[in-house]
Amino acid sequence: AGASGQIGTGVGDSVSWTPPLTLAQRIPSATSGLCTITCATYYSGVLTGTKTCAITLTVPSSVVPTITGVSYAEAVAGIAGLSAQFGGLVQNKSKLEVAITASGAQSSTITAYRATLGGSTYTASSFTTNVLSSAGNSTLSITVTDSRGRTATTTRTISVLTYAQPTLSLFRAERCNSTGTAPQTDGNRVRISATAGASSVGSKNTMTCTVFYKLSSAPAWTQATTITPSNYAVAATNLLLPQTFDTLSSFDLMIRVTDFFHTIEQSVSIGTKQVMMDFFRNGTGIAFGKVAETQSAVEFGWPL
């Protein structure tokens with residue numbers, strides 16, 4: 001449409017013509033177009049007649065759009081230092097910010113973008129993915145379509161580090177003897193056992209384990225000890241705490257396991273020493289199987 005030119009002059013009874021590829025620019029939204037050829041016959045410089053025929057020119061299949069660039073980076077800004085800490089994408093934490101650049105061919109324009117990753121589809125040139133829930137290598141597949149309906153495709157391999165929230169499968173505390181070698185119901189020392197774990201995330205995760213204690217009637221916790229993880233695991237059995245615990249009072253103990261992303265806590269209680277029966281100091285309370293600690297109440301240290 002809108003293009004014309006002379007194929008040849010003084011050519012006798014035949015001429016060869018190869019349509020230039022630039023003619024495709026005249027049909028940016030189609031793969032073929034109608035071309036009209038007119039042959040004029042002259043005799044001694046005088047036009048003696050014309051003949052017109054129409055042919056269909058088809059844009060070669062090699063004329064397709066081009067994906068010129070794909071950029072992607074960590075999109076989670078709410079977790080400070082995520083990229084700096086791990087140097088990569090983290091399962092169930094990271095998102096991708098993706099930008100696609102593409103261009104048409106011979107005056108075509110890009111009309112559609114389609115990207116797939118982890119079962120999700122995105123239809124813009126720039127987008128933020130869902131949270132990356134699969135660890136290992138995943139394929140980011142990108143397809144662009146131009147105004148002729150022709151496509152170009154490219155892929156990128158996305159590597160994601162394995163991550164799961166820390167676990168705390170055991171926390172137990174009991175009164176014991178002075179060395180922690182045996183339980184002792186009227187002992188003023190406490191021993192604990194704990195089992196916990198965290199993901200290594202390429203050996204770049206952090207993990208801490210801290211034990212706290214307080215009087216059951218007190219609002220604030222005091223640090224009792226820290227447990228050093230080994231290979232992102234805690235396995236403490238009958239660990240003796242350095243503090244002494246009054247046998248006439250009940251105590252709460254709490255363990256806190258923390259990694260780069262999460263903190264989990266669990267608390268247990270230890271009672272007073274066991275006695276058959278005890279009265280509260282002002283005579284308004286009574287306890288069975290433990291020391292009385294609450295006025296105007298009946299307490300039980302044994303199953304009722």
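Under the salt bridge (Lys or Arg N to Asp or Glu O under 4.0 Å) criterion, Arg148 pairs with no residue at all, not counting sequence neighbours. Among residues two or more places apart in sequence or in another chain, the salt bridge (Lys or Arg N to Asp or Glu O under 4.0 Å) test is passed with Lys204 by none. Partners of Lys93 by salt bridge (Lys or Arg N to Asp or Glu O under 4.0 Å), not counting sequence neighbours: none found. For Asn238, the side chain to side chain donor-acceptor pair (under 3.5 Å) partners at least two apart in sequence or on another chain are Arg191.
A continuous path of Ile, Leu, Val, Met, Phe, Trp and Tyr side chains, each step under 4.5 Å between heavy atoms, connects Leu304 with Val298, placing both in one hydrophobic cluster. Residue Phe171 is not grouped with residue Leu240 when hydrophobic side chains (ILVMFWY) are merged at heavy-atom distances under 4.5 angstrom, including chains of intermediate members.
Side-chain contact check for Leu215 versus Phe251: some heavy-atom pair is nearer than 4.5 Å. No side-chain heavy atom of Glu265 sits less than 4.5 Å from a side-chain heavy atom of Ile255. Considering only heavy atoms from C-beta on, Thr263 comes within 4.5 Å of Arg256 through its side chain. Inter-residue side-chain proximity for Ser141 and Thr153 is flagged as met; some heavy-atom pair is nearer than 4.5 Å. Counting only heavy atoms from C-beta outward, the side chains of Val211 and Ile227 approach each other to under 4.5 Å. Gln91 is not listed as a side-chain neighbour of Val131, based on a closest heavy-atom distance of 4.5 Å or more. Taking the side chain as every heavy atom from C-beta outward, Leu57 and Leu23 approach each other to under 4.5 Å.
With no hydrogens or angles considered, a side-chain donor-acceptor pair links Ser250 and Glu293 at under 3.5 Å. Using modelled atom types and a 3.5 Å distance limit, the side chains of Asn92 and Ser133 yield no donor-acceptor pair. A side-chain donor from one of Thr68 and Thr101 sits under 3.5 Å from a side-chain acceptor of the other. Using a 3.5 Å distance cut-off with no hydrogens or angles, the side chains of Ser269 and Asp252 do pair a donor with an acceptor.
To the nearest 0.5 Å, atoms CG (Leu241) and CG (Leu253) are separated by 6.5 Å.
Listed for the Thr272 side chain is a donor-acceptor partner under 3.5 Å among the backbone atoms of Val291. Checking side-chain atoms of Ser147 against main-chain N and O of Thr109 turns up a donor-acceptor pair under 3.5 Å. With hydrogens and angles ignored, the 3.5 Å screen pairs no side-chain donor or acceptor of Ser126 with any backbone N or O of Ala99.
Here the closest heavy-atom approach between residue Gly88 and residue Ser94 is recorded as O-OG, 4.5 Å.
Residue pairs satisfying the side-chain hydrogen bond (donor to acceptor under 3.5 Å, both in side chains) criterion with at least one member in residues 35-47, sequence neighbours excluded, are listed as follows: Thr38-Thr52. The list of ring-ring contact (aromatic ring centres under 6.0 Å, His included) pairs with a residue in residues 194-222, not counting sequence neighbours, reads Tyr213-Phe245.
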- Stepwise side chain to side chain donor-acceptor pair (under 3.5 Å) test for Asn205 and Tyr163: CA-CA 9 Å; Asn205 198 6; Tyr163 175 77; 5.3 Å; no
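With Tyr72 as the partner, the side chain to side chain contact (heavy atoms under 4.5 Å, CB included) test is satisfied by one option alone out of Ile100, Leu117, Leu96: Leu96.
Between Tyr113 and Phe127, the ring center distance fails the sub-6.0 Å criterion.
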